[in-house]
Amino acid sequence: MTDYSRYARQVVLPEVGVNGQSLLRDSSVLIVGLGGLGSAAAQYLAGAGIGRLLLADRDRIERSNLQRQTLYREADTGRYKVEAALAQLAALNPEADLVGLDASQWPQAVADADVVLDCTDNFPTRHAINAACVRARRPLVSGAAIRLEGQLAVFDLRRGGPCYRCLYPETGEVAERCEQAGILGPVVGVVGTMQALAALKLLLGIGDDAGRLQVWDAKQMSWRSHKIGADPECPTCGHTHV
């Protein structure tokens, strides 16, 4: 019998149980972006017992990252984020199968994942991740955070909902960066943790978060939920709604 003592506090939940924990063990999650969002999401997904974590990022760790990217330590400065993340997550949960990917490999890995997390910070990459998820019919959990604001959305075309492109057209708009606008560390940590929660819910079949944009005002500690409609003219997924 499999020893699930590590996960005892979630196995006792009726929404999880032994069967649910086995499902998590047999699941694969791809995280693209190992900054503040991916740093938080990866730790909770590894801790929850996801069997296979695919991690993609091309950047090295800078000292200014450490304020919010809690997966890393001072001694990691200068290392590739993927390399440092693999070491830290292996120490957190040696049972997880951890796979590091470079920027050219993640598009092919989308089809190998049960859920994809977009933890990046620029629109071209976000649209590329979305397009790959549409092609492979994989659910996408998208997160964003800046200043004292956060956003979370789940896109799942298997349920006939919208894709990321339906919400954010490719207009050439440039995403704001933390370097210019600033951010408090816990803000990005909350959104990344919520991405992990949304991924676990998808894998376990708990609730239905797809097709809604969740907007968080950290200053007021308030969430707003907005229904997202599928665009039948969307050049990325429109054909799936016909």
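All heavy atoms count here, side chains included; hydrogens, waters and symmetry mates do not.
- Residues L30 and D112 have side chains not in contact (no heavy-atom distance under 4.5 Å, counting atoms from C-beta outward).
- In this structure, Q105 contributes its side chain and D102 its backbone to a donor-acceptor pair below 3.5 Å.
- What you find for G33 and C119 is that their closest heavy atoms are O-CB, 3.3 Å.
- Using a 4.5 Å heavy-atom cutoff, the side chains of V99 and D97 are in contact.
- Remark: the backbone N or O of A48 is paired with a side-chain donor or acceptor of Q21 at under 3.5 angstrom.
- A 4.5 Å side-chain heavy-atom check between D59 and V82 finds every atom pair outside the cut-off.
- Looking at R79, its side chain never comes within 3.5 Å of a backbone N or O of A75 through a donor-acceptor pair.
- By the criterion of side-chain heavy atoms lying less than 4.5 angstrom apart, applied directly or through intervening Ile, Leu, Val, Met, Phe, Trp or Tyr residues, L23 is not grouped with V18; the two fall into different hydrophobic clusters.
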Criterion side-chain contact (heavy atoms from CB on, under 4.5 Å) on L37 and Q195, from CA distance to verdict: CA-CA 8 Å; L37 297 171; Q195 286 184 268; 3.6 Å; yes
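- Distance alone, capped at 3.5 Å, is enough to place a donor-acceptor pair between the R137 side chain and the L157 backbone.
- When all heavy atoms of S142 and F155 are compared, the closest pair comes out as CB-CE1, 3.9 Å.
- For the pairing with C237, the side-chain contact (heavy atoms from CB on, under 4.5 Å) check across P232, C166, C133, P162 returns one residue only, C166.
- Using a 4.5 Å heavy-atom threshold, the side chains of R147 and I183 count as separate.
- Using a 4.5 Å heavy-atom threshold, the side chains of D57 and T120 count as separate.
- Using a distance-only test at 3.5 Å, with no hydrogens or angles considered, no donor-acceptor pair links the side chain of R138 to the main chain of D114.
- When side chains are defined from C-beta on, L202 counts as touching V141, because their heavy atoms get closer than 4.5 Å.
- One hydrophobic cluster holds both V190 and L184 under the rule that ILVMFWY side chains link at heavy-atom gaps under 4.5 Å.
- Pairing each heavy atom of V187 with each of A145, the nearest pair is CG1-CB, 4.2 Å.
- Side chains of R63 and T77: no donor on one and acceptor on the other come within 3.5 Å.
- Counting only N and O atoms by type, the side chains of Y4 and S22 include a donor and acceptor under 3.5 Å apart.
- The aromatic rings of W223 and W216 sit parallel to each other, their planes meeting at less than 30°, with 60° as the upper class boundary.
- Between V215 and H226, the shortest heavy-atom contact is CG2-CD2, 3.8 Å.
- Checked by atom type, the side-chain pair Q43/T70 shows a donor-acceptor distance below 3.5 Å.
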Please report the C-alpha distance between Y72 and L34 in whole Å, then the side-chain angles of each, then the deciding distance to 0.1 Å, and finally whether the side-chain contact (heavy atoms from CB on, under 4.5 Å) criterion is met. CA-CA 10 Å; Y72 312 119; L34 292 171; 3.3 Å; yes
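- Side-chain atoms of Q214 never come within 3.5 Å of backbone atoms of Q151 as a donor-acceptor pair (strictly under, hydrogens ignored).
- Considering only heavy atoms from C-beta on, L45 comes within 4.5 Å of I31 through its side chain.
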Between I129 and W106, is a side-chain contact (heavy atoms from CB on, under 4.5 Å) present by the stated rule, with each step listed? CA-CA 9 Å; I129 295 169; W106 70 257; 3.5 Å; yes
Begin from the C-alpha positions of V32 and L101 and carry the test side-chain contact (heavy atoms from CB on, under 4.5 Å) through to its verdict. CA-CA 9 Å; V32 185; L101 306 172; over 6 Å; no
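- The minimum heavy-atom distance between C234 and C163, with the atom names listed, is SG-SG, 3.7 Å.
- With sequence neighbours excluded, the residues that form a side-chain hydrogen bond (donor to acceptor under 3.5 Å, both in side chains) with E95 are Y7.
- Counting only distance, with no hydrogens or angles, the side chain of D217 and the backbone of S222 share no donor-acceptor pair below 3.5 Å.
- Cluster annotation: L92 is connected to L98 through the hydrophobic network of ILVMFWY side chains, with a link wherever side-chain heavy atoms come within less than 4.5 Å.
- Residues L117 and A41 come closest through the heavy atom pair CD2-CB, 3.6 Å.
- Panel note: side chain Q10, backbone E15; no donor-acceptor pair is recorded below 3.5 Å.
- For the pair D156 and R158, the salt-bridge criterion is met [side-chain N within less than 4.0 Å of a carboxylate O].
- In this structure a side-chain-to-backbone donor-acceptor pair under 3.5 Å is present from D76 to R73.
- Here the side chains of L140 and N130 are in contact, with some heavy-atom distance below 4.5 Å.
- Using modelled atom types, one side-chain atom of H127 and one backbone atom of Y168 make a donor-acceptor pair closer than 3.5 Å.
- Ion pairing of D209 with K201 is present here, as a side-chain N (NZ or NE/NH1/NH2) and a carboxylate O approach within less than 4.0 Å.
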